[in-house]
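Some notes on the structure that comes next.
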Amino acid sequence: MGLLRIMLPPKLQLLAVLVFGVAVLFLENQIQKLEESRGKLERAIARHEVREIEQRHTADGPRQDVTLDEEDDVVIIYNRVPKTASTSFTNIAYDLCAKNRYHVLHINTTKNNPVMSLQDQVRFVKNVTSWKEMKPGFYHGHVSYLDFAKFGVKKKPIYINVIRDPIERLVSYYYFLRFGDDYRPGLRRRKQGDKKTFDECVAAGGSDCAPEKLWLQIPFFCGHSSECWNVGSRWALEQAKYNLINEYFLVGVTEELEDFIMLLEAALPRFFRGATELYRTGKKSHLRKTTEKKLPTKETIAKLQQSEIWKMENEFYEFALEQFQFVRAHAVREKDGELYILAQNFFYEKIYPKSN
């Protein structure tokens, strides 16, 4: 552009800048269309794969004749919160599914909307509970908690999840939208081209780093009630705590992901046998990192911590962390700096009536 300023008169320089701007807008529009087409193609392929599976099993015999052992009649739902190491953990499930003989299914919602319509809730519950060909199954996706009991389901799925320090999660998501990560480095992100740092965003009062953006982990655990998504709702916080304790099998934290995986392997070996070793030695499962991430300053963190929204999200995080550490303390022992799963610590005695 410097050479153009020297060689061209001002009017032509202006025209060249306008042409360049139009060309950039045109390219961005074409890229957006390509991304939308890719999304449609992925959904079409997924539907085709489902039809193939159903047709294959229908050819083998009526679906109602399929009987499952109790060990196989199990479904795990991982309603993953964005930027909590969810892709890293999910990759482990994909790596193990063939060896441990279970199915992994991604719940791909339109525009990653975590709230399902009522009719989609019904469809999803029906799929998960009656799709015997996909059991045992591991479902994962960015969807908020759904109470299967509301739909008359007797055997509910097993919910698991991972959460993260709320400010660290927001910072990671902020840079992810701008620079992506090393998992799919060539994929264009929504905010690509915006070079503003997280500190600069907070200082300027930007919307992408506003305290309201912290409100995510609470509604993901709270569920599909409208009050769950009312930013700053004390009821939503208490409901999220209730669900974490009563509806989730185990909730880990990003900062202690290996311990979370170790506990899952000990408690649910049908799915997670070999997961701990894979996490420690695998080449790809736990290596996803956001690109160009810059840690916020103490001043930025202090400013966010003044908000009531941060206080509530942090209260929920601390609550989850305390619960996870409690479960871990009763499941492992430490020796020489390493954690070991405890062997069975109960037995049965005084069994009556005596058999002859």
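In this text the structure is predicted, and so the values were computed from the model without any measurement.
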Backbone of K311 reached by a side-chain donor or acceptor of Q305 within 3.5 Å: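 No: the side chain of Q305 does not pair with the backbone of K311.
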
N/O donor-acceptor pair under 3.5 Å between Q121 side chain and L146 backbone: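 No.
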
Cationic tip of [X] within the cone over [Y]'s six-membered ring, i.e. under 6.0 Å and within 45° of the normal?
X: K83; Y: Y173; result: no
X: K350; Y: Y352; result: no
X: R273; Y: F271; result: no
X: K294; Y: Y175; result: no

Members besides Y348 in its Ile/Leu/Val/Met/Phe/Trp/Tyr cluster (side-chain heavy atoms under 4.5 Å):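 Its cluster mates, by chain and number, are F346, I351.
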
Aromatic ring pairing F124/F148, orientation class (parallel under 30°, perpendicular over 60°, tilted between):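 Ring orientation, 0 to 90° scale: perpendicular.
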
Compile the donor-acceptor pairs under 3.5 Å between side chains in residues 220-229 and protein atoms, sequence neighbours left out, one pair per line.
from: H224; atom 1: ND1; to: S144; atom 2: OG; distance (Å): 3.2
from: H224; atom 1: ND1; to: Y145; atom 2: O; distance (Å): 3.1
from: H224; atom 1: NE2; to: M116; atom 2: N; distance (Å): 3.0
from: S225; atom 1: OG; to: E227; atom 2: N; distance (Å): 3.4
from: E227; atom 1: OE2; to: N230; atom 2: ND2; distance (Å): 3.4
from: E227; atom 1: OE2; to: S233; atom 2: OG; distance (Å): 2.7
from: W229; atom 1: NE1; to: G223; atom 2: O; distance (Å): 3.1

Side-chain H-bond candidate by donor/acceptor type, Y94 with H140, under 3.5 Å: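 Yes, because at least one side-chain N or O of Y94 sits under 3.5 Å from a partner of the opposite role on H140.
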
Greater than 12 external heavy atoms within 6.0 Å of K298's NZ: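 No, the 6.0 Å shell around NZ holds no more than 12 heavy atoms from other groups.
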
Heavy-atom pair of closest approach, residues V202 and C209: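 For V202 versus C209, the nearest heavy atoms are N-SG, 3.2 Å.
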
Y317 vs V253 side-chain heavy atoms within contact, under 4.5 Å: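 Touching, per the 4.5 Å side-chain cut-off.
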
Pair Y78 + F89: ring centers closer than 6.0 Å: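 For Y78 and F89, the ring centres are under 6.0 Å apart.
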
Derivation of the side chain to side chain donor-acceptor pair (under 3.5 Å) call for R80 and S86: CA-CA 6 Å; R80 40 195 284 203; S86 62; 3.2 Å; yes

Given V128, I158, T129, the one that forms side-chain contact (heavy atoms from CB on, under 4.5 Å) with V75: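 That would be V128.
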
Verdict with reasoning, Y248 to N79, per side chain to side chain donor-acceptor pair (under 3.5 Å): CA-CA 11 Å; Y248 280 79; N79 64 315; 3.1 Å; yes

